[in-house]
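The next block holds one structure in the form of structure tokens; read it before the comments.
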2 protein chains.
Amino acid sequence: MSIRPDDPRAPAQPADPRSRIQVVALQLFTEQGYERTSLREIAERLGVTKAALYHHFRSKDEIVDNYLDDRLSDLDKLIAWARQQPVDTPGRRAIVAGYADRFFTTGLPLAVRFLEQNQTAATHLTTAQRMRDQLAQLAGLLARGDESPGAELRAGLALFAIYHGWSAPQTSRITDEERKRLALVVAYELVDRIGPDPAGED
Amino acid sequence: MSIRPDDPRAPAQPADPRSRIQVVALQLFTEQGYERTSLREIAERLGVTKAALYHHFRSKDEIVDNYLDDRLSDLDKLIAWARQQPVDTPGRRAIVAGYADRFFTTGLPLAVRFLEQNQTAATHLTTAQRMRDQLAQLAGLLARGDESPGAELRAGLALFAIYHGWSAPQTSRITDEERKRLALVVAYELVDRIGPDPAGED
DNA sequence: GTCTATACAAGGATAGAC
DNA sequence: GTCTATCCTTGTATAGAC
């Protein structure tokens with residue numbers, strides 16, 4: 001319900017005002033929803049007024065658009081790298097692992113979580129759509145070498161598992177490191193059934 | 001972008017005005033988002049005015065709240081039945097299959113898709129929260145007999161696979177029946193790794 | 001049961017002083 | 001870079017006639 005600034009998963013607050021605004025805004029958008037969060041609310045939490053925000057960003061959209069833009073290049077690099085991986089089981093595992101690594105070492109979680117929580121709002125933000133496309137591309141790379149429709153589904157679920165393993169409410173006591181590893185294990189199981197000899201198809 | 005009234009996945013338009021309003025509203029909420037869809041827009045599509053809607057429902061919330069309420073009892077029955085299933089692999093498969101069956105033969109898809117697309121809005125609707133709880137309960141039943149955290153994750157993903165397999169944009173030509181069967185296959189793979197002797201844990 | 005008209009609140013965005 | 005004050009639009013919801 002609250003922002004939980006002590007949440008270890010929250011990114012460290014950066015110094016420059018633009019980034020501070022973006023992080024606070026994205027957090028609120030993720031918790032309460034993009035349209036349910038007003039600029040007044042964001043400004044309040046930062047201890048400033050609405051007008052101050054408009055000095056840094058031209059619109060509400062631009063706050064998130066701009067943030068996602070940076071993540072796009074993160075993902076671009078990952079996709080380019082994934083394209084070089086061999087089209088076999090080890091290659092697919094490498095791609096999933098690479099995604100998980102980036103996921104946990106960049107600003108991606110905040111962005112991906114925003115996308116998941118605000119799927120409809122994302123429809124109206126061009127940058128958000130581009131990011132969804134990129135994730136679909138990545139899934140496509142995972143499904144290479146297997147033309148069956150099951151490959152697509154498993155690839156998409158594998159990527160979702162990384163997100164979900166990290167983001168789902170934890171009922172069991174487990175460290176973040178364990179959660180990450182666990183999500184990866186399950187993602188492996190899924191992509192391991194992709195291939196020219198699809199074991200999962202009966 | 002449009003409502004696609006010819007979409008075979010869309011439920012048949014019922015005759016009574018209350019249900020007609022609800023179906024149209026839920027469709028729009030799912031496509032555009034709950035808060036981005038105004039009552040004027042819903043009324044327009046139905047060929048009436050805003051005030052007419054208020055004759056049938058006391059508020060915007062009530063339109064969806066009321067619809068989800070009916071789905072709650074559908075799920076309640078399913079959960080009660082699932083609780084009777086044996087705690088083993090065939091039992092878990094039966095639960096997943098039962099969920100898939102209900103999913104495709106009741107008003108659940110519209111409700112679940114609304115939930116997925118409007119996760120943040122759902123936070124503010126008590127009925128939506130109850131429904132999320134129910135889905136979590138069902139996942140919990142799937143994870144019975146396996147205390148490892150992986151069981152939870154796999155159970156959640158299995159249920160998500162049913163939804164995702166049906167709802168994801170289809171790039172390959174495949175019949176709805178095939179999609180349903182495929183999603184079930186993948187869901188089976190996931191729940192098959194749940195158990196007192198967890199094969200998926202290394 | 002549906003309409004017209006309207007009250008009322010809230011949000012995004014801008015102007016202009018400091 | 002931040003403030004106060006304000007404009008304008010849109011949305012939910014209601015009143016009351018037909």
Side-chain angles (χ1 to χ4, degrees), chain A residues 3 13-69 114 117-118 120-128, chain B residues 3 13-69 114 117-118 120-128:
Chain A
I3 189 69
Q13 293 280 356
D16 73 295
R18 273 180 71 93
S19 298
R20 281 191 63 230
I21 294 171
Q22 287 179 319
V23 169
V24 166
L26 267 283
Q27 283 175 340
L28 284 172
F29 292 157
T30 300
E31 287 172 24
Q32 309 179 338
Y34 181 70
E35 22 266 316
R36 291 189 94 93
T37 303
S38 67
L39 292 176
R40 182 192 55 72
E41 215 169 345
I42 299 168
E44 224 165 46
R45 178 152 306 183
L46 287 162
V48 294
T49 63
K50 280 195 295 177
L53 303 184
Y54 278 99
H55 176 75
H56 296 282
F57 299 96
R58 270 201 294 253
S59 71
K60 186 181 182 182
D61 285 1
E62 208 185 273
I63 297 178
V64 44
D65 245 359
N66 200 284
Y67 183 85
L68 294 188
D69 222 11
F114 171 84
Q117 291 289 113
N118 294 282
T120 51
T123 305
H124 305 271
L125 298 170
T126 52
T127 321
Chain B
I3 189 73
Q13 293 283 356
D16 73 294
R18 272 180 71 93
S19 300
R20 281 192 64 229
I21 293 172
Q22 287 179 318
V23 170
V24 166
L26 267 283
Q27 283 173 340
L28 284 173
F29 292 159
T30 300
E31 288 173 24
Q32 310 180 337
Y34 181 70
E35 22 266 317
R36 292 188 93 92
T37 304
S38 66
L39 292 174
R40 182 191 55 73
E41 215 169 345
I42 299 168
E44 224 165 46
R45 178 152 306 183
L46 287 162
V48 295
T49 64
K50 285 192 293 177
L53 302 183
Y54 277 99
H55 176 75
H56 297 282
F57 299 97
R58 270 201 293 250
S59 70
K60 186 182 181 181
D61 285 3
E62 206 185 276
I63 296 178
V64 44
D65 243 359
N66 200 283
Y67 184 84
L68 293 187
D69 221 11
F114 171 84
Q117 291 288 114
N118 296 282
T120 52
T123 306
H124 306 269
L125 298 169
T126 52
T127 321

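Per chain, numbering begins at 1; letters A, B, ... match sequence-line order. Side chains are part of it too, since the values below use all heavy atoms of this structure and drop only hydrogens, waters and symmetry mates.
Residue T49(A) places at least one side-chain N or O under 4.0 Å from the OP1 or OP2 atom of dC3(D). Between H56(B) and dT2(C), a side-chain N or O to OP1/OP2 separation shorter than 4.0 Å is present.
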Can you give one letter per nucleotide of nucleotides 11-18 of chain D, going 5' to 3': B for a protein heavy atom under 4.0 Å from the base, S for sugar-phosphate only, - for none? SBBBB---
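For the 3.5 Å distance criterion, the side chains of Q32(A) and T37(A) qualify, holding a donor opposite an acceptor.
When the side chain to side chain donor-acceptor pair (under 3.5 Å) test is applied to H55(B), no partner is found at least two apart in sequence or on another chain. Legend: residues meeting side chain to side chain donor-acceptor pair (under 3.5 Å) with E35(B), ordered by chain and number and at least two apart, are R36(A). Judged as a salt bridge (Lys or Arg N to Asp or Glu O under 4.0 Å), and not counting sequence neighbours, E41(A) has no contacts. Residues that satisfy the salt bridge (Lys or Arg N to Asp or Glu O under 4.0 Å) test with R58(A), not counting sequence neighbours, are E62(A). Among residues two or more places apart in sequence or in another chain, the side chain to side chain donor-acceptor pair (under 3.5 Å) test is passed with D69(A) by none.
Rounded to whole angstrom, the span from the CD atom of Q32(A) across to the C1' atom of dG11(C) amounts to 14 Å. The distance between atom CD of E44(A) and atom P of dC3(D), rounded to the nearest whole Å, is 12 Å. Rounded to an integer number of Å, the gap from L46(A) CG to dC3(D) P is 11 Å. E62(A) has its CD atom 11 Å from the P atom of dT14(C), to the nearest Å.
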